[in-house]
Visitor: 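Mind having a look at this structure? Questions to follow.
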Amino acid sequence: MLRVVPIKHKDANEFVRRLHRHSRPTVGAIFCVGVADDAVRGVAIVGRPVAPALDDGATLEILRVATDGTRNACSMLYGACRRIGREMGYARVLTYTLPHEGGASLRAAGFKFDGEAGGPARNWHSRPNRSATPVGDDLIGGKWRWLA
């Protein structure tokens, strides 16, 4: 049976490095959480919003979620992030998905679709001194924002 467990940022990043389809590990985090049974089956990394306009001190962004495909792991991670964020006093938790991802795990965890965000992928790495580039062509077309 899956349970929510604490996980170090370094270990969550290594999980993301091994299993996430298109995103790289994060530089920082406010907290990380995992789900496990006999082994860690998924991780979430939560931090400040990437968009400066959303970084108001009351908003958290789920920066990464990665699982090994275990049933319900994504929903458990999103739900845990939402609950922990609220317990810490944050008013809003948001995250983004690619348009072809269904969002069932987010809806199950209490998130609401907020529409398209960010424009095309080329805009996501346009800050000065940022060297990151999109991984693969699956980021073409922007992202969808979800709020809880």
Side-chain angles (χ1 to χ4, degrees), residues 1-121 123-125 127 130 132 134-136 138-139 141-148:
M1 180 140 99
L2 283 180
R3 65 191 184 287
V4 175
V5 297
I7 189 165
K8 293 178 182 175
H9 184 233
K10 178 181 89 170
D11 296 333
N13 262 341
E14 181 54 35
F15 195 96
V16 167
R17 185 177 287 108
R18 285 188 294 112
L19 292 176
H20 201 284
R21 290 183 323 244
H22 58 78
S23 292
R24 295 183 173 105
T26 66
V27 174
I30 291 176
F31 69 88
C32 299
V33 65
V35 291
D37 47 24
D38 58 328
V40 174
R41 302 299 181 183
V43 300
I45 302 173
V46 183
R48 293 171 44 201
V50 174
L54 298 175
D55 191 7
D56 58 7
T59 303
L60 282 176
E61 181 174 329
I62 301 172
L63 302 169
R64 301 285 187 275
V65 170
T67 75
D68 66 0
T70 299
R71 184 174 170 83
N72 297 323
C74 282
S75 296
M76 284 188 75
L77 287 165
Y78 283 125
C81 292
R82 183 181 54 78
R83 288 188 306 276
I84 292 166
R86 292 291 167 85
E87 286 293 321
M88 291 176 70
Y90 288 92
R92 200 163 68 146
V93 179
L94 61 88
T95 194
Y96 298 89
T97 63
L98 299 176
H100 69 269
E101 297 171 327
S105 293
L106 286 155
R107 285 189 297 278
F111 285 76
K112 304 288 184 214
F113 178 66
D114 190 48
E116 292 186 44
N123 294 345
W124 282 76
H125 300 285
R127 287 194 199 160
R130 184 176 278 186
V135 179
D138 58 345
L139 294 181
K143 296 187 179 185
W144 287 358
R145 182 170 39 224
W146 299 81
L147 298 174

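Remember, predicted model here, so these are calculated numbers, not experimental data.
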Visitor: Please check: side-chain N/O of Thr67 versus main-chain N/O of Cys74, any donor-acceptor pairing under 3.5 Å?
Guide: no
Visitor: Quick one: NE2 on His9 to OG1 on Thr26, what's the gap to the nearest 0.5 Å?
Guide: 2.5 Å
Visitor: Within a reach of under 6.0 Å around CZ of Arg18, are more than 12 heavy atoms found that belong to other residues, nucleotides or ligands?
Guide: yes
Visitor: I'd like to know if the side chain of Arg64 reaches the main chain of Val16, judged simply by a donor and an acceptor atom lying under 3.5 Å from each other, with no hydrogens or angles considered.
Guide: no
Visitor: Can you confirm whether the side chains of Thr59 and Asp56 place a donor and an acceptor under 3.5 Å from each other?
Guide: yes
Visitor: Side-chain contact, heavy-atom cut-off 4.5 Å: Ile7 with Val40?
Guide: yes
Visitor: Using 0.5 Å steps for rounding, measure from the CG atom of Leu60 to the CZ atom of Arg48.
Guide: 11.0 Å
Visitor: Between Ile45 and Gly28, what is the shortest heavy-atom contact and its length?
Guide: CG2-O, 4.2 Å
Visitor: Which pair of heavy atoms, one from Leu54 and one from Pro49, lies closest together, and at what distance?
Guide: O-CG, 3.5 Å
Visitor: Minimum heavy-atom separation for Ala109 to Gly79, with atom names?
Guide: CB-N, 3.4 Å
Visitor: Nearest 0.5 Å, what's the CG-NZ distance between Leu147 and Lys112?
Guide: 11.0 Å
Visitor: Supply the atom-to-atom distance Arg86 CZ to Arg92 CZ, rounded to the nearest 0.5 angstrom.
Guide: 10.0 Å
Visitor: As an exercise, state the distance from CZ of Phe111 to OG1 of Thr97, rounded to the nearest 0.5 Å.
Guide: 11.0 Å
Visitor: With sequence neighbours left out, what residues match Asp114 under salt bridge (Lys or Arg N to Asp or Glu O under 4.0 Å)?
Guide: Arg145
Visitor: Using every non-hydrogen atom in the two residues, find where Lys143 and Tyr96 come nearest and quote the distance to one decimal.
Guide: CD-CB, 3.9 Å
Visitor: Looking only at heavy atoms, what is the nearest atom pair of Cys81 and Val46, with distance?
Guide: SG-CG2, 3.5 Å
Visitor: What pair of heavy atoms forms the shortest contact from Ala44 to Leu77, and how long is it?
Guide: N-CD2, 3.9 Å
Visitor: Show, in sequence, the C-alpha distance, side-chain angles and deciding distance for Tyr90 and Ile30, and conclude whether the side-chain contact (heavy atoms from CB on, under 4.5 Å) test is met.
Guide: CA-CA 12 Å; Tyr90 288 92; Ile30 291 176; 3.6 Å; yes
Visitor: Can you tell me how far CZ of Arg71 sits from CE of Met76, rounded to the nearest 0.5 angstrom?
Guide: 13.0 Å
Visitor: Please answer whether the main-chain N or O of Gly102 pairs with a side-chain N or O of Arg107 as donor and acceptor at a distance below 3.5 Å.
Guide: yes
